[in-house]
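Chain A is the first sequence line, chain B the second, and so forth, proteins listed ahead of strands; every chain is numbered from 1.
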There are 2 protein chains.
Amino acid sequence: MVKEISGIPGAKLPLDRELVLERAMELADGAGLGALTMRSLAQSLGVKPMSVYYYVANKSEILDGLVDRVFEEADAARLGHVASWQQAMRNRAIALRNTLVRHKWALGLLESRMSPGAATLRHHNATLETLRLAGFGVVLATRAYALLDSYIYGFVLQESTIPVGDGSSIPAVAETMVKHFESGQYPYLVEAATEVVMQPGYDFGSQFEDGLDLLIRGLEVWLESTPTSGTASQQPGSTNNSHIETRLEETPWHRQTTGNAHSSMTRSGPNNPPD
Amino acid sequence: MVKEISGIPGAKLPLDRELVLERAMELADGAGLGALTMRSLAQSLGVKPMSVYYYVANKSEILDGLVDRVFEEADAARLGHVASWQQAMRNRAIALRNTLVRHKWALGLLESRMSPGAATLRHHNATLETLRLAGFGVVLATRAYALLDSYIYGFVLQESTIPVGDGSSIPAVAETMVKHFESGQYPYLVEAATEVVMQPGYDFGSQFEDGLDLLIRGLEVWLESTPTSGTASQQPGSTNNSHIETRLEETPWHRQTTGNAHSSMTRSGPNNPPD
DNA sequence: ACCAACTTTCGTACTGTGTACGAAAATACC
DNA sequence: GGTATTTTCGTACACAGTACGAAAGTTGGT
């Protein structure tokens, strides 16, 4: 068989680890992670299943590669220069969300995968840099980062559960809702569903930026009410242990029920459902 | 074979849909979702694989059942009466997180599963009720809910990716970190890792409540700066369309890069990787 | 031209998954 | 007892991932 060097996707190119990941990504994007099998991947590469294993140790490695690609793409989608850390984090968050929405399968992989690739590390490092240079202490920066990522991941996770986004497959849900409405149970749920979610122009995704702004506003407060605030950009590596910043003020309704937080015990080993 | 009615887990009891879910939950908790196969489940029930299908249509139905159980458990873990909506939402969030941490596999199922069970619906309804009665409008309540859930889900998702929580399997990560440190790349990442994450007493989970408080504080602002604020507890079902509340004030660094948000296109069908 | 060394592909086969189909066994009821 | 209903299971199939080693293709040296 001759190697046709063409730009046509699906055509046979000289095999390559990059090309393998490329096609894997296309398959996942096109029909979900479930459609990405070694056999389907091989076929889309115009090759027999076992040939793929020359470029990749196992399927898990492919999934790791895909996750890394996602972060790479998210970084590429970011804008160049921004004036403030607020704007920088905002852009980053939006870019990351857009990317995760574009590749719905990616979020499911973020669990289970625990060997970050180069692009992933670069991404994390760059984000932390932004926060540190903005005056966040090491601890505070870590917390702020975790906070933002929590929101992003969680939001996309919810987005992926929502029926769709366009108003096409609503009827099925609507029927269920009507049934529940007539049952009289879940009145507030029905209310939210009928008056908000399934309204003509409703777009869940548009809420993202409002919530994001709420978070960033909160981070500003964190930053201002922290002692390290003036230390601006100390170089990393200078092992000054000024931890225990950020103890945050207590709110009236605060302490009462922290009870039995975190008691996960046992933990046998790393889970690996999709491997 | 005689039916030994005993309390010993693993012993043979009269089969039952509830018992099937019970054992399924134990398997998932014990060794991850990957260990929950129809065959292993059957064995733990002291029965042959195909027998399980008398109580359950397919594996997917089991997973749905498990998710519902998780919400049931989360609701049960909540406290009785609370004084404010802040306290109520706080308790709910903490209870939900604890439950999700206790059953790490659950979060992975929240995707893919799109047929909520009774407990799930009850849970959502109760939460919305709290917000509505606190004076949140229909739209605002929906948004507030989505915001909180985003945070909860995202936080737990990150928690599940973190190596562990105790300081046991750190060395492996440490080695990787040292390598990256010497490479000079990712300085901020290394900084965060060495000075924060792998510090003796570090506990990622303890950040949860700080972030949660930040969110609730933000919700207070949302609630105060909304016109419907005084309408307190209007009964649901009264179809008054007072939407378009909550347009939020703009921040200086706000508008600039909303660009190309949400362009997910195509979307062939519901994904179903773990089915 | 030949041949050795390599890179790359693939055939076969094994284990483990969910589950369709229908027969067998157990149980309940008259 | 016998008959009907409920519950269990044996067999088998299609689909995963991939171990192992042989085949084919490519390259470079003489």
Side-chain angles (χ1 to χ4, degrees), chain A residues 1-5 11-24 27-28 30-66 105 108-109 112-113 115 270-275, chain B residues 1-5 11-24 27-28 31-66 105 108-109 112-113 115 269-275:
Chain A
M1 298 193 184
V2 193
K3 294 173 185 173
E4 332 167 8
I5 314 276
K12 188 180 237 172
L13 295 177
L15 232 47
D16 185 338
R17 196 195 138 96
E18 280 306 299
L19 188 61
V20 168
L21 289 179
E22 183 68 34
R23 285 293 197 286
L27 279 177
L33 259 193
L36 172 56
T37 63
M38 295 308 279
R39 289 176 165 86
S40 69
L41 176 56
Q43 180 162 25
S44 108
L45 286 163
V47 105
K48 291 287 154 43
M50 289 318 286
S51 302
V52 181
Y53 284 92
Y54 183 76
Y55 302 94
V56 151
N58 45 43
K59 185 171 181 179
S60 191
E61 198 173 298
I62 294 182
L63 299 180
D64 285 338
L66 288 184
W105 43 266
L109 291 185
S112 53
R113 308 290 108 201
S115 41
N271 301 0
N272 42 359
D275 286 7
Chain B
M1 299 193 184
V2 193
K3 295 174 184 174
E4 333 167 6
I5 315 275
K12 188 178 238 174
L13 295 177
L15 231 47
D16 186 336
R17 196 195 138 95
E18 281 306 299
L19 188 62
V20 168
L21 289 179
E22 184 68 34
R23 285 293 196 287
L27 280 177
L33 258 194
L36 172 56
T37 62
M38 295 309 278
R39 289 176 166 85
S40 69
L41 176 57
Q43 180 162 24
S44 108
L45 287 164
V47 104
K48 291 285 153 47
M50 283 302 125
S51 302
V52 181
Y53 284 92
Y54 183 76
Y55 302 94
V56 151
N58 45 43
K59 185 170 181 180
S60 191
E61 198 173 298
I62 295 181
L63 299 179
D64 285 339
L66 289 184
W105 43 266
L109 291 185
S112 55
R113 308 289 109 201
S115 40
N271 300 0
N272 43 0
D275 286 5

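Nucleotide C:dC10 holds its P atom 15 Å from the CZ atom of A:R39, rounded to whole Å. Rounding to whole angstrom units, CD of residue B:Q43 and C1' of D:dC9 are separated by 15 Å. Computed from coordinates, the A:L41 CG to D:dG17 P distance equals 9 Å when rounded to whole Å. Going from atom CG of B:D16 over to atom P of D:dT6 covers 16 Å, rounded to whole Å. Computed from coordinates, the A:L27 CG to D:dA16 P distance equals 12 Å when rounded to whole Å. Put simply, CE on B:M38 is 16 Å from C1' on D:dG10, counting in whole angstrom units. Atom-to-atom, NZ of B:K48 to P of C:dA23 comes out at 20 Å; the value is rounded to the nearest Å. Between the NZ atom of A:K59 and the C1' atom of D:dA16 there is a distance of 8 Å, rounded to whole Å.
Listed by chain and residue number, B:T37 satisfy the side chain to side chain donor-acceptor pair (under 3.5 Å) test with B:S40 (two or more places apart in sequence, or in another chain). Under the side chain to side chain contact (heavy atoms under 4.5 Å, CB included) criterion, A:Y53 pairs with A:M38, A:M50, sequence neighbours left out. The side chain to side chain donor-acceptor pair (under 3.5 Å) search around A:R39 returns none, not counting sequence neighbours. Every side chain to side chain contact (heavy atoms under 4.5 Å, CB included) that B:A42 has, sequence neighbours left out, goes to B:V47, B:P49, B:V52.
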Pairs under 3.5 angstrom, nitrogen or oxygen only, protein versus nucleotides 5-8 of chain C, please.
from, atom 1, to, atom 2, distance (Å)
C:dT8, OP2, A:Y54, OH, 2.6
C:dT8, O3', A:Y55, OH, 3.4

(message) Using side-chain contact (heavy atoms from CB on, under 4.5 Å), reason through B:W105 and B:L66 one step at a time and then give a plain yes or no.
(response) CA-CA 10 Å; B:W105 43 266; B:L66 289 184; 3.8 Å; yes
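When the nearest nucleotides of DNA chain D are assigned to B:V52 and A:T37 by heavy-atom distance, the more 5′-ward of the two goes with B:V52.
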